[in-house]
Amino acid sequence: MNRYGWAIACALAVLVAASAVRGALGPLIGPPSLDDRVMAIAAQVRCPVCSGESAAQSDTEPSVHIRAEIAGDLAQGWPEGRILQQIASEYGTWILYRPPYHGVFAVAWLFPALGVAAALALLVAYLRRREVRPAPTAAPAEGGDAGPPPDEELRRRLRRFM
């Protein structure tokens with residue numbers, strides 16, 4: 001087995017071991033608490049009045065209100081996606097750190113991929129235009145001497161610049 005095979009085998013062994021440990025400790029740890037779930041969802045929402053803080057980080061009145069709404073919705077059994085939709089409908093989609101993947105926002109999510117694809121297309125087009133073409137060979141002079149070979153001529157020119 002080559003060294004890449006060993007690396008892949010070791011990585012798979014670590015993943016299997018981590019999965020087994022998580023599975024064994026899951027009943028002991030238990031499901032996340034309501035507060036943990038509230039903070040996880042609030043971390044995906046911007047604070048309406050703060051700059052650069054999530055609703056989970058901020059202690060302003062609007063953030064506390066958002067967390068209370070999230071807790072109430074979770075207590076009623078609402079899924080995370082529905083809670084985030086409700087918050088976005090109340091405050092606007094700007095409040096979500098990850099905007100939805102439809103409409104105008106889908107284009108925003110596609111811009112990086114489209115940029116990479118365009119850059120690759122331009123690179124391929126540029127490289128195809130720069131195909132290596134054989135250098136034209138000079139006809140031998142009247143005396144039958146064609147001059148130094150092209151490699152020697154190139155070396156002579158390079159020495160002159162060094």
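Both backbone and side-chain heavy atoms feed into the values below; hydrogens, waters and symmetry mates do not. One is the number of the first residue; the rest follow in order along the sequence.
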Suppose the criterion is salt bridge (charged side-chain N to carboxylate O under 4.0 Å, His left out): which pairs have a residue in residues 53-64, not counting sequence neighbours?
Asp59-Arg67
Taking the hydrophobic residues Ile, Leu, Val, Met, Phe, Trp and Tyr, and joining any pair whose side-chain heavy atoms are under 4.5 Å apart, which ones share a cluster with Met39?
none
Ignoring hydrogens, what is the shortest heavy-atom contact between Ala56 and Ala43? Give both atom names and the distance.
CB-N, 3.7 Å
Using the side chain to side chain donor-acceptor pair (under 3.5 Å) criterion, which residues pair with Ser33? Sequence neighbours excluded.
Asp36
Could you tell me whether a side-chain N or O of Ser58 sits under 3.5 Å from a main-chain N or O of Ala55, the two making a donor and an acceptor?
no
Check: Pro48 and Ser63 side chains under 4.5 Å, non-hydrogen atoms
yes
With rounding to the nearest 0.5 angstrom, report the CD1 to CD distance, Ile87 to Glu69.
6.5 Å
Could you list the donor-acceptor pairs under 3.5 angstrom formed between side-chain atoms of residues 111-125 and any protein atom two or more places apart in sequence or on another chain?
none

Taken to the nearest 0.5 Å, the spacing of Glu152 CD from Arg155 CZ works out to 5.0 Å
Counting C-beta onward and ignoring hydrogens, is there a side-chain heavy-atom pair between Tyr91 and Val45 closer than 4.5 Å?
no
Where is the tightest heavy-atom contact between Leu34 and Ala71, given as atom of each residue plus distance?
CD1-O, 4.4 Å
Side-chain donor-acceptor contacts of residues 73-85 below 3.5 Å, not counting sequence neighbours, with atom names and distances?
unit_1 : atom_1 : unit_2 : atom_2 : d
Gln76  : OE1    : Trp78  : NE1    : 3.4
Glu80  : OE2    : Gln44  : NE2    : 2.8

